[in-house]
Every structure is written in C-alpha cells, then in structure tokens.
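Sharing a structure here in structure tokens format.
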Amino acid sequence: QVQLVESGGGLVQAGGSPRLSCAASGSTFSINAMGWFRQAPGKQRELVATVRSGGPTNYADSVKGRFTISRDSAKNTVYLQMNSLKPEDTAVHYCNADTYVYSGSYFMDYWGQGTQVTVSS
C-alpha cells in the first residue's frame with residue numbers, strides 16, 4: 001500500500017507561481033511513476049504531468065512550458081511547480097502513484113485526497 005499526502009495550492013492570483021508537493025509513504029519501492037491530475041467542476045479528471053522512476057516526464061499540452069514536475073526519490077516526494085497560472089487552471093489537483101504489485105504481478109494506482117487550486121483573474 002502507498003499513502004499520498006498533498007500540500008500547497010489554495011487561492012492564487014492569475015500569473016502566480018505556487019508549488020504543489022506530494023509525499024509518498026508505505027511501499028514506495030513499488031512506485032513506477034508519480035504524477036498530478038486535476039478535475040475542474042463538471043469536467044472529467046485529466047492528466048497534468050507525470051514523471052517516471054527513470055526521469056522521463058510527460059505533460060498535458062495545456063500546461064507545457066508553464067508547469068514543471070520533479071521528483072525527489074530520497075524523500076519520496078513529487079513536486080509540481082506551476083507558473084503563469086490562468087483562471088482555467090482552477091481545479092482540484094490530485095497526486096497519483098502508479099505502482100507494481102510484485103506479489104500479484106499487476107499494476108495499481110493510488111490517489112491523494114486532492115488539493116484545491118483556485119486562480120482568480
């Protein structure tokens with residue numbers, strides 16, 4: 001099992017640069033990738049950015065060039081640096097860990113509780 005605890009976010013003015021953090025605990029050795037997803041009111045949850053254990057990153061087109069995801073493996077923590085925020089970035093942001101369960105040979109996703117980011121214009 002993996003537990004994820006998010007921090008950061010809140011009310012930010014357009015153009016602001018907050019940073020989200022997500023600390024993982026538990027069976028962190030099983031984590032293949034970590035990332036951030038977000039869900040705006042009335043919309044489906046969507047990928048924001050992911051980072052794999054080897055370092056490769058992936059970003060949604062809507063955040064490329066503005067957001068940066070990074071991972072501190074020693075601290076089992078993933079960060080999302082958000083720059084040049086826009087009102088359309090307003091959403092609940094969820095941390096995700098993609099893990100491999102060796103005992104059962106299958107993949108499993110874990111989610112944080114979510115942190116609200118509200119961007120005022």
Side-chain angles (χ1 to χ4, degrees):
Q1 295 242 348
V2 173
Q3 294 78 40
L4 303 172
V5 178
E6 300 134 334
S7 59
L11 179 61
V12 185
Q13 287 191 333
S17 300
R19 187 178 77 162
L20 304 183
S21 301
C22 173
S25 61
S27 302
T28 57
F29 61 88
S30 65
I31 296 176
N32 295 315
M34 295 186 72
W36 292 92
F37 289 70
R38 67 187 182 186
Q39 187 167 17
K43 295 187 177 181
Q44 291 187 330
R45 190 173 297 188
E46 62 177 7
L47 178 146
V48 176
T50 62
V51 56
R52 301 202 63 81
S53 296
T57 57
N58 182 47
Y59 294 92
D61 288 342
S62 59
V63 307
K64 281 181 181 176
R66 300 189 298 125
F67 293 7
T68 301
I69 190 169
S70 60
R71 183 175 175 180
D72 186 334
S73 296
K75 295 182 179 180
N76 293 313
T77 299
V78 65
Y79 304 96
L80 184 68
Q81 178 64 49
M82 309 165 73
N83 297 326
S84 303
L85 278 181
K86 306 174 182 179
E88 51 264 42
D89 293 316
T90 295
V92 178
H93 287 66
Y94 296 92
C95 180
N96 168 268
D98 172 50
T99 70
Y100 184 71
V101 182
Y102 293 93
S103 61
S105 300
Y106 60 90
F107 293 91
M108 178 173 284
D109 274 331
Y110 290 91
W111 296 91
Q113 78 282 4
T115 184
Q116 177 71 45
V117 175
T118 301
V119 184
S120 63
S121 58

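Given the structure is predicted, the values throughout are model-derived calculations rather than measurements. Only heavy atoms go into these numbers, but all of them, side chains included; no hydrogens, no water, no symmetry mates.
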- Query: Which is it for R52 and N32 under the side chain to side chain contact (heavy atoms under 4.5 Å, CB included) test, yes or no, and what are the steps along the way?
  - Reply: CA-CA 6 Å; R52 301 202 63 81; N32 295 315; 3.8 Å; yes
- Task: Using atom types as modelled and distance alone, determine if a side-chain donor or acceptor of T115 lies under 3.5 Å from a backbone N or O of G8.
- Result: yes
- Lys/Arg N to Asp/Glu carboxylate O, D89 vs K86, below 4.0 Å: no
- Query: Any side-chain heavy atom of V119 within less than 4.5 Å of one from V117?
  - Reply: yes
- Query: Out of curiosity, N58 CG to T50 OG1, how far, rounded to the nearest 0.5 Å?
  - Reply: 4.5 Å
- N/O donor-acceptor pair under 3.5 Å between T68 side chain and L80 backbone: no
- Query: Between F107 and Y100, is a ring pair (Phe, Tyr, Trp, His ring centres under 6.0 Å) present by the stated rule, with each step listed?
  - Reply: CA-CA 4 Å; F107 293 91; Y100 184 71; 4.9 Å; yes
- In terms of hydrophobic clusters joined by side-chain contacts under 4.5 Å, are Y59 and L85 together? yes
- Item | A97 versus L4, closest heavy-atom pair with distance | N-CD1, 3.7 Å
- Would you please say whether a donor-acceptor pair under 3.5 Å links the side chains of Q116 and T118? yes
- Trace of the side chain to side chain contact (heavy atoms under 4.5 Å, CB included) decision for M82 with H93: CA-CA 12 Å; M82 309 165 73; H93 287 66; 3.7 Å; yes
- Message: Evaluate N83 against S17 for side chain to side chain donor-acceptor pair (under 3.5 Å), listing each step before the verdict.
- Response: CA-CA 4 Å; N83 297 326; S17 300; 3.2 Å; yes
- Message: Give me the atom names and distance for the closest heavy-atom approach of Q39 to K43.
- Response: NE2-O, 3.1 Å
- Rounded to the nearest 0.5 angstrom, the CD-CG distance for Q3 and N76 is 11.5 Å
- Consider only side-chain heavy atoms of I, L, V, M, F, W and Y, link residues closer than 4.5 Å, and tell whether M108 and F29 are in one cluster. no
- Check whether any side-chain heavy atom of S120 lies under 4.5 Å from a side-chain heavy atom of V12, and answer yes or no. no
- Query: Heavy-atom distance under 4.5 Å between the side chains of P56 and V51, does that happen here?
  - Reply: no
- Query: Quick one: are C22 and V5 in side-chain contact, heavy atoms under 4.5 Å?
  - Reply: no
- Task: Indicate, with yes or no, if F37 and V92 share a hydrophobic cluster defined by side-chain heavy-atom contacts under 4.5 Å among Ile, Leu, Val, Met, Phe, Trp and Tyr.
- Result: yes
- When you look at M34 and R71, which way does the side chain to side chain contact (heavy atoms under 4.5 Å, CB included) test go after all the steps? CA-CA 8 Å; M34 295 186 72; R71 183 175 175 180; 4.1 Å; yes
- How many angstroms lie between OH in Y94 and CZ in R38, if you round to the nearest 0.5 Å? 13.5 Å
- Taking all non-hydrogen atoms of both residues, which atom of P87 and which atom of S121 are closest, and how far apart? CG-CB, 3.9 Å
- Check the surroundings of atom CD in Q113: do more than 12 heavy atoms from other residues, nucleotides or ligands lie under 6.0 Å from it? yes
- Rounded distance [0.5 Å steps], CZ in R66 versus OG in S84: 7.0 Å
- Message: Given 3.5 Å as the limit, does a donor-acceptor pair link the side chain of S30 with the main chain of T28, or not?
- Response: no
- Task: Determine, using the 4.5 Å side-chain heavy-atom cutoff (strictly less than), whether Y79 and V2 are members of one ILVMFWY cluster.
- Result: no
- Could you check R45 against W111 for side chain to side chain contact (heavy atoms under 4.5 Å, CB included), going step by step and ending with a plain yes or no? CA-CA 12 Å; R45 190 173 297 188; W111 296 91; 3.2 Å; yes
- Message: Using 0.5 Å steps for rounding, measure from the CG atom of L47 to the OG atom of S62.
- Response: 9.0 Å
- Is V63 reachable from V78 through a run of hydrophobic residues whose side-chain heavy atoms are each under 4.5 Å from the next? yes
- Query: Are F67 and W36 an aromatic pair by the rule of ring centers under 6.0 Å?
  - Reply: no
